[in-house]
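Notes follow once the structure below has been shown.
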Amino acid sequence: PITSGVTIKNIPVTVISNQEVYEVSGLPTEVTAYVVGDLADITLIRTQKAYSVVADLSGLLEGTHEVNLTAKDFSSRVEVALQPSTAVVTIKKKISQHFNLEYDFINTNKMSQEYVLSEPVFGDSEIIIRASQETLNQIGIVKALIDASGVTADFTQDAPIVAYDQNGNRMNVDIMPASVNVSVGVTSPNKNVNISVQP
């Protein structure tokens, strides 16, 4: 048989853990796999792309742990080396905290400048975020993103909710609810007036 090899980059890491209870940090989001084997097997791997990389954290409690990254769904006839193959992860228990909701209008450049948006009315103005205490302390603001593209009249929509840190970076945290119903009034600051002609 003809031996061949392939380098597969940017394989996402699948995490097995109780993410409703624990927050995990330190895992790479992507890894590289170096695969060597029979040319037919390598060709099949290239075309089917059924492989994955898994970090199994089940059974681990709070603290710092070194875990192995495991290549899954590769042919048993090939040899696979991952880079990186291990990771040092920190597991922290999540807690819940209430945050007041603010808002941003997005895509305002896609609406006519003759219209003005009023202050939105939220179906719920208090949001619960679940994360570790350290992550919660980094949250600077929680906003509903209201899409104003193409609006010409009062509208209602479900706006997604996002959390930002003090530097304005979007954070990956559990937000409940993930969206909020919002109503926005739209007005046009113009009116028709009569013209009186004085010759």
Side-chain angles (χ1 to χ4, degrees), residues 9-32 52-72 82-111 117-149 151 155-185:
K9 298 181 179 181
N10 305 321
I11 304 175
V13 177
T14 302
V15 183
I16 300 176
S17 68
N18 190 344
Q19 297 186 24
E20 292 185 1
V21 178
Y22 296 107
E23 177 184 285
V24 178
S25 60
L27 273 176
T29 56
E30 297 176 335
V31 299
T32 298
S52 62
V53 173
V54 174
D56 189 353
L57 311 182
S58 56
L60 299 181
L61 301 177
E62 287 186 88
T64 301
H65 310 270
E66 184 174 2
V67 297
N68 293 320
L69 305 181
T70 306
K72 296 285 188 180
L82 298 179
Q83 178 61 39
S85 59
T86 63
V88 177
V89 300
T90 301
I91 300 176
K92 298 176 182 177
K93 195 167 185 177
K94 291 181 178 180
I95 60 175
S96 298
Q97 185 172 323
H98 291 264
F99 288 85
N100 291 326
L101 183 62
E102 301 191 29
Y103 67 92
D104 263 345
F105 290 116
I106 61 174
N107 295 325
T108 53
N109 61 323
K110 296 180 181 178
M111 62 176 285
L117 302 172
S118 67
E119 187 171 341
V121 177
F122 296 108
D124 193 351
S125 60
E126 194 173 71
I127 303 302
I128 297 174
I129 295 182
R130 284 183 55 81
S132 69
Q133 184 64 64
E134 182 181 351
T135 299
L136 291 174
N137 292 341
Q138 296 173 9
I139 296 176
I141 196 168
V142 180
K143 290 186 175 183
L145 302 183
I146 305 170
D147 189 356
S149 56
V151 298
F155 64 94
T156 300
Q157 66 177 233
D158 287 328
I161 300 173
V162 296
Y164 298 95
D165 63 17
Q166 287 87 346
N167 297 320
N169 300 311
R170 192 165 176 170
M171 301 184 68
N172 182 22
V173 291
D174 298 338
I175 303 177
M176 298 172 287
S179 63
V180 64
N181 187 264
V182 58
S183 299
V184 181

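This structure is a prediction, so every number in the text was calculated from the model and none was measured.
Contact record, A159 with L145: CB-O, 3.4 Å, taken as the closest heavy-atom pair. When all heavy atoms of G123 and V180 are compared, the closest pair comes out as N-CG2, 4.2 Å. Here the closest heavy-atom approach between residue T70 and residue L82 is recorded as C-CD1, 4.0 Å. Closest non-hydrogen pair, F105 versus S118, comes out as CZ-O, 3.5 Å. A87 approaches P28 most closely through the heavy-atom pair CB-CD, 3.8 Å. Across all their heavy atoms, L69 and A55 have their closest contact at CD2-CB, 3.7 Å.
Atom CD of Q166 has more than 12 neighbouring heavy atoms from other residues, nucleotides or ligands inside a 6.0 Å radius. A 6.0 Å sphere centred on CG of N169 holds more than 12 heavy atoms belonging to other residues, nucleotides or ligands.
Counting heavy atoms from C-beta on, the side chains of E20 and R130 never come closer than 4.5 Å. Side-chain contact check for T135 versus I129: every heavy-atom pair is 4.5 Å or farther apart. A heavy-atom distance below 4.5 Å is not found between the side chains of S17 and I91. Annotation: side chain of L101 is in contact with side chain of F122 (closest heavy-atom distance under 4.5 Å). The shortest side-chain heavy-atom distance between V151 and V184 does not fall under the 4.5 Å cut-off. Contact check for V67 versus D56: no side-chain heavy atoms found under the 4.5 Å cut-off. The closest side-chain heavy-atom distance from L117 to I146 is not below 4.5 Å. Between L136 and F99 the shortest side-chain heavy-atom distance falls below 4.5 Å.
Remark: Q83 CD to K9 NZ distance equals 12.0 Å, nearest 0.5 Å. Here the CG atom belonging to N18 is positioned 10.0 Å from the OG atom belonging to S58, to the nearest 0.5 angstrom. Between L60 atom CG and Y22 atom OH the span is 9.5 Å, to the nearest 0.5 Å. Atom CG of D165 is separated from atom CZ of R170 by 12.5 Å, given to the nearest 0.5 angstrom. Distance check, rounded to the nearest 0.5 Å: CG of D147 to NZ of K110 gives 7.5 Å. Rounding to the nearest 0.5 Å places CG of N10 at 4.5 Å from CD of E30.
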